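Okay, so here's the structure we're looking at.
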Amino acid sequence: MNLSTALLHALKAHGARELFGLPGDFVLPFFQQAEQSAALPLYTLSHEPGVGFAADAAARYGGGLGVAVVTYGAGALNMVNAVAASYAEKVPLVVISGAPGALERSNGFLLHHQTRSLDSQLAIFREITCDQVVLDNAADAPALIARALGNCLAQSRPVYIELPRDMAAAPCGEVRMVAPRKPDPDAVRACAAEVLRRLGRAYRPLLLVGIEIRRYGIEHKVAQLARLLRVPVATTIMGRGLLAGEDAPLLGTYLGVAGDPAVTRAVEEADALLMLGVLLSDTNFGVSARKIDMRGSIQALDGQVVLGHHVYPDIPLEALLDAMLEDGVSMALQAPEPQRVRYPRELRADGEPVAPMDIARAVNDALAAKGAMPVVSDIGDCFFTALDIDGGGGLLAPGYYATMGYGVPAGLGLQASSGKRPLILAGDGAFQMTGWELGNCQRYGWDPVVIVFNNCGWEMLRAFQPEAKYNDLSDWKFADMAAALGGDGYRVNTRAQLRQALDKALATRGRFQLIEAMLPRGAQSDTLARFVAGVKRLQAAA
Ligand SMILES: Cc1ncc(Cc2c([C@H](C)O)sc(CCOP(=O)(O)OP(=O)(O)O)c2C)c(N)n1
Ligand SMILES: [Mg+2]
């Protein structure tokens, strides 16, 4: 076994299902080993941001590890934004970067792809990963790999592995998985008992769930706890789509002033708000009608639990849930029968122009008729529209870090990793960034259905600065380019054309389907309109 094959087998043992990458001379030896060993399928994309987004989506959707393999300098630094997004949104992504070998490091020349110093890249990745290892010594490599991959899963954050090219074929021992640290059972029980007491004393308890319950694969336990305690559940905007497949008393998504008033009231008036895996971010709470009493709430995040001024430092989320499920049986809180989440349906397929909400209706009608699909959304008004789309098949979007360019490559990563056909939503601005990755579908037989919200502009920005001219984009006629990239394109102006195009696209397999929905300039989804109005109202009141 050599260092590359030891690393590949360790990745697989930790839950990686494939590699995404873009080679360069510093990482060619590893690519060669990866292709020869066939330990994991290897997919290449056209630009490193897409490689990072695809690997991120594979981990988000399927659990386990996402793996992005790039060359040193120009490759790895090109992927910094995607890795930063994975860090912010707690995605277990493994970055493997090739690097100069020992001899070339000491020959006195400045090396190609080098920036300030040969260690600058490692310094940059220290900021956006939870662990970093440099595999420049075969004897230490197995333990370093085990530590990094163990931390990636335990913290659900990206890690950085630097692999000098002269080490790829070095003889190496096997990597032994590091068993996750066990928390102190007494501390877990004490914490669970205090949380249950808080909930038991409350008149209006509520569970608010966020991304960690997906990352640690515990949605079913959260649903079980909510049913057991009869406490309603709401998701944060980032947690949209969580618990979709579970039998849980789900109220809906909390969007503050921009959301369903009943859900907003339930969250903001809860006298015991148990937040499970919720990031305290502006996107999750920035449009709160009234300040949520964070001191009165209970936050279980990042492996610790905070109740008022009490902090339990080492309580993994799943351990807390197991203890609450064990002890919670004695409680039977009287919670209101929650409403089931309803999605807009029944598109009027007529000659009227298409608005964002028509896309939500058309998609919900199609999903109801043809079955759930994973939905992957970029950032723009398509993201706000996605909040009105049935996320039963899963909803992926960088709702907190909010980088554009995520949609198409993430959808490709999801299909490569899960085999499921995704529905991808992207604005014209975001599609201009990474939509061209669709050209890789024909090599791998991927066939996503893509809906481009073409309003010929950066509409989300225009919502806040209507007078600005710089938000205007020209009409790129994306549908005309689909055939050249190996897919089918449909340009739709009316709701009837949208319905026809979506039916045809869903019925066509083996080629990507690109529906370019022409939206009148200024047309906004209901949620974006409420979001903008809410933010303006809160800013005026500040
Ligand atoms: C990589 C990147 N660059 C810039 C931004 C800022 C930004 C937005 C967020 C606020 O940061 S929303 C937006 C416009 C999006 O345009 P488009 O994709 O056409 O969608 P729509 O027209 O529906 O808005 C930009 C430029 C971003 N989020 N990500
Ligand atoms: Mg746009």
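On a predicted model such as this, the values are computed, not experimentally measured, just so you know. Side chains included, hydrogens not; waters and symmetry mates left out as well; all remaining heavy atoms used. Positions are given from 1 along the sequence. Indexing begins at 1, ligand by ligand and atom by atom, following the structure's order.
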Check: Glu268/Tyr254 side-chain N/O donor and acceptor closer than 3.5 Å
yes
Search all heavy atoms of Pro356 against all heavy atoms of Thr385 and return the closest pair with its distance.
O-CG2, 3.4 Å
Is the shortest N/O to N/O distance between Cys382 and ligand 1 below 3.5 Å?
no
I'd like to check whether Asn455 has a polar contact with ligand 1, where a contact means an N/O of the residue lying under 3.5 Å from an N/O of the ligand.
yes
Residues Tyr72 and Glu162: side-chain donor-acceptor under 3.5 angstrom
no
No waters, cut-off 2.8 Å: how many protein N, O or S atoms are close to the Mg ion (ligand 2)?
3
Got an N/O contact under 3.5 Å between Phe453 and ligand 1?
no
What's the shortest distance from atom 8 (C) of ligand 1 to any protein heavy atom, and which residue and atom give it?
Leu461 CD2, 4.1 Å
So, Ser417 side chain and Leu414 main chain: donor-acceptor pair closer than 3.5 Å or not?
no
Residue portion contacting ligand 1 (non-hydrogen atoms closer than 4.0 Å) for Ala402:
backbone
Just say parallel, tilted or perpendicular for the rings of Phe531 and Phe384, cut-offs at 30° and 60°.
tilted
Please name the pair of heavy atoms, one in Arg157 and one in Lys90, separated by the smallest distance, quoted to 0.1 Å.
NH1-CG, 3.6 Å
Go through ligand 1 atom by atom and flag the ones less than 4.0 Å from a non-hydrogen atom of Thr403.
1 (C), 29 (N)
Please list the nearest protein heavy atom to atom 17 (P) of ligand 1 with its residue and the distance rounded to 0.1 Å.
Gly429 N, 3.6 Å
Return the residue, atom name and 0.1 Å-rounded distance of the protein heavy atom closest to atom 18 (O) of ligand 1.
Ala430 N, 2.9 Å
Any nitrogen or oxygen of Leu473, side chain or backbone, less than 3.5 Å from one on ligand 1?
no
Minimum-distance protein heavy atom relative to atom 23 (O) of ligand 1
Asp381 N, 2.8 Å
For ligand 1 and Trp458, I'd like to know whether there is a polar contact (N/O to N/O, distance under 3.5 Å).
no
Pair Asp381, Gln524: side-chain N/O donor-acceptor within cut-off below 3.5 Å
no
Which residue and heavy atom of the protein sit nearest atom 9 (C) of ligand 1, plus the separation
Ile379 CG2, 4.3 Å
closest protein heavy atom to atom 20 (O) of ligand 1 is Gly380 CA, 3.7 Å
Does either side chain, that of Ser97 or that of Gln121, offer a donor lying less than 3.5 Å from an acceptor on the other one?
yes
Check: Val363 main-chain N/O paired with Arg345 side-chain donor or acceptor under 3.5 Å
no
Can a donor-acceptor pair be found, under 3.5 Å and without considering hydrogens, that links the side chain of Arg17 to the backbone of Gly63?
yes
Which ligand 1 atoms, with their elements, are less than 4.0 angstrom from a heavy-atom of Glu459?
21 (P), 22 (O), 24 (O)
Is there a donor-acceptor contact under 3.5 Å linking the side chains of Gln132 and Thr129?
yes
Look at atom 15 (C) of ligand 1 and say which protein heavy atom is nearest, naming residue and atom and giving the distance to 0.1 Å.
Met404 CE, 3.6 Å
Are Thr527 and Ser525 close enough that a side-chain donor and a side-chain acceptor fall under 3.5 Å?
no
Just checking Phe31: does its CZ atom have more than 12 heavy atoms from other residues, nucleotides or ligands closer to it than 6.0 angstrom?
yes
Residue part near ligand 1, for Asp428, under 4.0 Å between non-hydrogen atoms
both
Name the closest protein heavy atom to atom 10 (C) of ligand 1, giving the residue it belongs to and the distance to 0.1 Å.
Met460 CE, 3.7 Å
Indicate whether the side chain of Tyr401 and that of Asn81 have a donor and an acceptor atom separated by less than 3.5 Å.
yes
